[in-house]
Amino acid sequence: MARGTRKTAVLKLGGVGALAALLFAGGLQLASAGENNRPATTAAAQTVNCPTVRDKLPAVPAAAAAQVERELANLDQEIARQNERLARQAVRPEGGPAFIDNAILGPLRSKRVAVLDRIEIAFNRIGAPRPDLDALAACSLNAPGVPSAVNGGAGQNAGGQNGNAGGQNGNAGGQNGNAGGQNGNAAGPARTVNCPRVALPAVPAAAASQVQAELATLDKQIAEANARLAQLAVRPEGGPAFIDNAILGPLRSKRVAALDRIEIAFNRVGAQRPNLDALATCGLN
């Protein structure tokens with residue numbers, strides 16, 4: 001009798017174990033579905049909408065030109081950096097409703113205040129009337145896929161070159177190509193990098209977010225290189241090969257990696273992998 005009772009208990013336990021295993025497996029399956037069945041796309045990334053600066057400046061005295069060019073390049077670099085952040089946010093959202101204001105637009109305004117103040121000081125230091133640029137510090141957001149504003153000159157090669165149709169394939173910054181000109185660099189001693197426009201085939205919906213993020217990364221790299229060139233115009237360093245070795249060479253390596261990630265994004269969703277190798281090398285404007 002005791003033997004029969006034990007057998008019944010074992011069967012019950014076995015049934016509970018099997019049920020638990022089934023529920024556990026189902027739970028894993030549901031968890032997996034919840035993780036992987038997210039929408040294949042997110043909305044095209046927004047970009048920062050900052051007031052242009054070069055066109056608001058009075059004539060820049062020659063003695064202040066190098067400093068002003070360097071600060072304009074700093075503004076461009078910060079815009080590109082925040083556009084990349086917004087592109088990442090479109091792929092992997094974080095924070096609550098006020099996250100963009102508190103983590104992106106607020107800090108961006110503070111940085112622009114400091115840069116614009118240095119531009120004003122550059123005028124004042126040589127005895128020229130100090131311009132009032134305070135109203136140019138605050139930025140808002142563009143609609144998804146709309147590029148950040150450019151100021152012409154060298155920047156004509158920047159804005160919207162890779163807008164990528166603005167809707168489904170909207171580029172996070174729309175400025176890829178020569179991002180060096182969000183605030184110009186058309187005149188003055190600083191040069192800017194001249195990178196090939198990244199022309200893509202139709203981007204599959206499932207790859208759009210990743211492609212947006214990588215295009216924003218390319219823009220950020222260009223803006224950083226332009227800021228370095230602006231600094232070099234103020235404080236030259238190195239020999240004849242310095243720009244090739246310290247700016248263009250590293251920029252090419254970074255672009256190779258970003259372009260490869262774009263190709264992989266196509267390949268990962270079963271689309272034909274584009275060949276973007278020829279777009280890695282940049283020259284100088």
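Atoms considered below: every heavy atom in the structure, side chains included; atoms not considered: hydrogens, waters and symmetry mates. The first residue in the sequence is number 1, and the count goes up from there.
Transitive grouping of hydrophobic side chains (ILVMFWY, heavy atoms separated by less than 4.5 Å) brings Ile100 and Val48 into a common cluster. Connection of Ile264 to Leu276 is not established within any shared hydrophobic cluster, with ILVMFWY side chains joined at heavy-atom distances below 4.5 Å, either directly or through further cluster members. There is no path of hydrophobic side-chain contacts, each under 4.5 Å, that joins Val256 to Ile222. Each of Val269 and Phe266 belongs to its own hydrophobic cluster when Ile, Leu, Val, Met, Phe, Trp and Tyr are linked at side-chain heavy-atom distances under 4.5 angstrom.
The structure places CD of Glu84 at 9.5 Å from CG of Leu218, a figure rounded to the nearest 0.5 Å. Note that the CG atom of Asn49 and the OG atom of Ser140 stand 4.0 Å from one another [nearest 0.5 Å]. The CG atom of Leu215 sits 6.0 Å away from the CG atom of Leu200 when rounded to the nearest 0.5 Å. Remark: Arg112 CZ to Asn74 CG distance equals 11.5 Å, nearest 0.5 Å. Interatomic distance, CZ of Arg255 versus CG of Leu279, reported as 7.0 Å (0.5 Å rounding). Separation of atoms CG (Asn285) and CZ (Arg191) is listed at 8.0 Å; rounding is to 0.5 Å.
Around CZ of Arg261, the count of heavy atoms belonging to other residues, nucleotides or ligands within 6.0 Å exceeds 12. Counting heavy-atom neighbours within 6.0 Å of Glu237 CD, excluding the residue itself, gives a total above 12. Within 6.0 Å of CZ on Arg273 lie more than 12 heavy atoms contributed by other residues, nucleotides or ligands.
Without hydrogens or angle criteria, Gln46 side chain to Asn142 main chain gives a donor-acceptor distance under 3.5 Å. At distances below 3.5 Å, at least one donor-acceptor pair connects side-chain atoms of Lys56 with backbone N or O atoms of Thr52. In this structure, Asn245 contributes its side chain and Ala241 its backbone to a donor-acceptor pair below 3.5 Å.
A donor atom on one side chain and an acceptor atom on the other are found under 3.5 Å apart for Arg70 and Gln67. A donor-acceptor contact closer than 3.5 angstrom links the side chains of Arg88 and Thr217. Side chain to side chain, Asn226 and Thr192 fail the donor-acceptor criterion of an N or O pair below 3.5 Å.
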task: Tell me, with the steps shown, if Ser148 and Asn83 meet side-chain contact (heavy atoms from CB on, under 4.5 Å).
output: CA-CA 8 Å; Ser148 297; Asn83 282 338; 2.9 Å; yes
field: Derivation of the side-chain contact (heavy atoms from CB on, under 4.5 Å) call for Leu116 and Asp134
entry: CA-CA 7 Å; Leu116 293 169; Asp134 294 350; over 6 Å; no
message: Using side-chain contact (heavy atoms from CB on, under 4.5 Å), reason through Arg54 and Leu72 one step at a time and then give a plain yes or no.
response: CA-CA 8 Å; Arg54 179 181 291 281; Leu72 290 174; 3.4 Å; yes
message: Let's go through Leu108 and Glu78 carefully: what are the C-alpha distance in whole Å and the side-chain angles of both, what is the deciding distance for side-chain contact (heavy atoms from CB on, under 4.5 Å) to 0.1 Å, and is it a yes or a no?
response: CA-CA 7 Å; Leu108 176 59; Glu78 198 54 47; 3.4 Å; yes
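Nearest heavy-atom pair, Ala122 versus Val68, reported as atom, atom and distance to 0.1 Å: CB-CG2, 4.3 Å. Scanning both residues, Ala135 and Pro51, for their nearest heavy atoms gives O-CG, 4.4 Å. Nearest heavy atoms, Ala230 versus Ala73: CB-CB, 3.6 Å. Closest heavy-atom contact between Ala90 and Pro93: O-CD, 4.4 Å.
Within the 4.5 Å cutoff, no side-chain heavy atoms of Gln89 are placed close to those of Arg85. Counting heavy atoms from C-beta outward, Lys111 and Gln82 have side chains that approach closer than 4.5 Å. No side-chain heavy atom of Leu141 sits less than 4.5 Å from a side-chain heavy atom of Ile104. You'll find the side chain of Pro61 reaches within 4.5 Å of the side chain of Phe123, heavy atoms only. Glu224 has its side chain out of reach of Leu229: every pair of non-hydrogen atoms, C-beta onward, lies at least 4.5 Å apart. Between Leu133 and Leu57, some side-chain heavy-atom pair lies under the 4.5 Å cut-off. Taking the side chain as every heavy atom from C-beta outward, Asp132 and Glu120 approach each other to under 4.5 Å.
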